[in-house]
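For reference, the structure is listed below as structure tokens.
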Amino acid sequence: MLKQLQGILIFIAMLATAPAIADSSPTDDVRTSVEAVIALLKDDQLDRDTRRDRMREVIDKRFDFRAMSQRTLATNWKKATDAEKQRFTELFAELIQNSYVSKIESYTNETVQYPGEKQKGRKAEVETRIITSSAEIPVNYKVYLKDGTWLVYDVIIEGVSLISNYRSSYQEIVKRDGFDGLLAQMEEKIRELKSAPAETG
Amino acid sequence: MNKLLVLLLILAFPPGGWAQDAAGDAEAGDLQPDMTTTAEDDAFLFEDEDILEVWDPIEPVNRVFFWVNDKLYFYLLKPVARGYRWAVPEPWRVGVKNFFSNLAAPVRIINAGLQGKFGDAGNEITRFAVNTTIGIGGFFDTAKDHFELRMKDEDTGQTMGHYGVGPGPYLVLPILGPSNLRDGVGMFVDNRMNLLYYISEGRTYYGLRVYDKINDLSLDKDTYEGIKKDALDPYLFVRDAFMQYRQNKIEN
């Protein structure tokens with residue numbers, strides 16, 4: 001009897017806290033971020049740097065760069081020290097943000113559709129479709145539920161997983177030049193991207 | 001509906017249980033007493049992890065051709081495509097793309113059929129009939145725009161992959177770009193199924209194929225430039241992206 005009562009109490013407690021755990025669907029969360037980015041793209045009041053900074057903020061909130069880093073490094077992650085993990089995550093976040101932002105900047109006039117989502121427990125895949133004048137590009141976001149929001153841990157563009165792609169490239173580089181070599185090359189790349197002149201068109 | 005599902009899941013797996021489940025999958029001896037979920041605890045994120053091993057026995061040769069194609073792209077193809085983009089309005093270029101794609105319909109019809117995907121084959125037959133007639137020789141994708149019939153890309157390489165033929169060694173082909181033995185052979189067969197091969201010959205045929213490529217490039221949003229800019233090693237990036245792209249096409 002007491003056991004049952006306890007069960008009911010726990011059930012009620014769960015009911016009360018459930019909305020705080022997940023009050024939006026995976027698609028809702030992804031859509032919020034995608035639309036925030038599009039709104040920034042369309043806002044011509046902003047100069048280029050402010051816009052990029054704001055976009056990074058939006059992306060930062062939605063992307064779990066630590067999970068992405070862990071997935072990218074796979075076995076090398078387990079071997080890395082905490083400091084190395086931290087450093088890699090920072091560099092990797094910067095690279096991903098850069099490539100994501102510059103890619104999305106070329107899609108100003110296109111529309112995004114949300115044809116559906118597949119959810120399996122704490123993991124889900126949100127399908128989006130970027131409609132351009134000549135093509136439809138499927139972009140899927142793999143998300144997982146963490147502290148009440150759905151966070152992106154992989155992006156799949158036309159069947160190509162961003163993380164898998166980085167994983168195999170980075171694995172080769174670690175094999176060839178070591179983990180320090182990889183970090184050095186990432187730092188070099190970021191310097192390069194920062195010093196590159198702003199391109200147009 | 002989703003809320004209910006999440007609620008049921010939470011009831012079935014109390015928050016503490018997740019950490020244990022996940023840790024149990026990874027390292028059983030490493031159980032954390034507290035319930036905080038760090039990324040490391042979320043081992044369930046990695047269940048679908050499969051590393052695509054690329055067989056690249058002639059990498060040095062491939063890298064040479066990759067370099068040649070890179071120069072060809074930046075110093076010849078892209079400038080031409082840019083000039084063409086400037087001179088020709090986009091709707092025309094989209095029409096040209098549709099036209100060439102329509103001529104390749106037999107490739108998709110035959111290969112969908114060979115894989116037993118008869119629904120897709122029928123869809124492609126309808127698309128070909130509609131676009132060739134109402135779409136004025138394939139210039140308009142009327143089937144997609146008005147009848148919601150989307151193109152499903154099938155080719156001989158995918159058919160071989162469907163029946164278990166592996167990709168074989170990765171190859172970078174001069175001018176044509178990334179490929180592998182299976183898909184290279186497939187491409188050769190595809191060209192013979194393409195109506196373009198039967199309505200033109202010799203120089204005209206190759207000229208039209210180059211035109212098709214330039215036209216495609218004029219519609220592209222600097223994909224390759226992006227890769228060159230972002231990737232630590234563009235060769236590896238293109239290679240792995242290509243192999244994943246093909247694998248995904250075979251599975252769908």
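Numbers restart at 1 for each chain; the letters A, B, ... are given by sequence-line order, proteins then strands.
- Pairing each heavy atom of B:N131 with each of B:F140, the nearest pair is OD1-O, 3.4 Å.
- Chain B forms more heavy-atom pairs under 4.5 Å with one residue of A:A135, A:S69, A:G159 than with any other, namely A:G159.
- For the residue pair B:A112 and B:D120, the shortest heavy atom distance occurs at CB-CB, 4.0 Å.
- Just one of B:F99, B:W92, B:F100 meets the ring-ring contact (aromatic ring centres under 6.0 Å, His included) condition when paired with B:F139; it is B:W92.
- Contacts with chain A were tallied for B:L232, B:N98, B:N248; B:L232 has the most, counting heavy-atom pairs under 4.5 Å.
- Of the listed residues (B:M243, B:Q247, B:R93, B:E90), the greatest number of heavy-atom pairs within a distance under 4.5 Å of chain A belongs to B:E90.
- Salt-bridge check for B:K249 with B:E251: failed, with every basic side-chain N at 4.0 Å or more from each acidic carboxylate O.
- Heavy-atom distances place the side chain of B:R239, and not its backbone, under 4.5 Å from chain A.
- Of the charged side-chain nitrogens involved, at least one lies within less than 4.0 Å of a carboxylate oxygen, so that A:E192 and A:K189 count as a salt-bridged pair.
- Interface remark: A:E136 contributes side-chain atoms only to the contact with chain B (heavy atom separation under 4.5 Å).
- Residue contact with chain A, scored on non-hydrogen atoms closer than 4.5 Å, involves the side chain of B:R150 exclusively.
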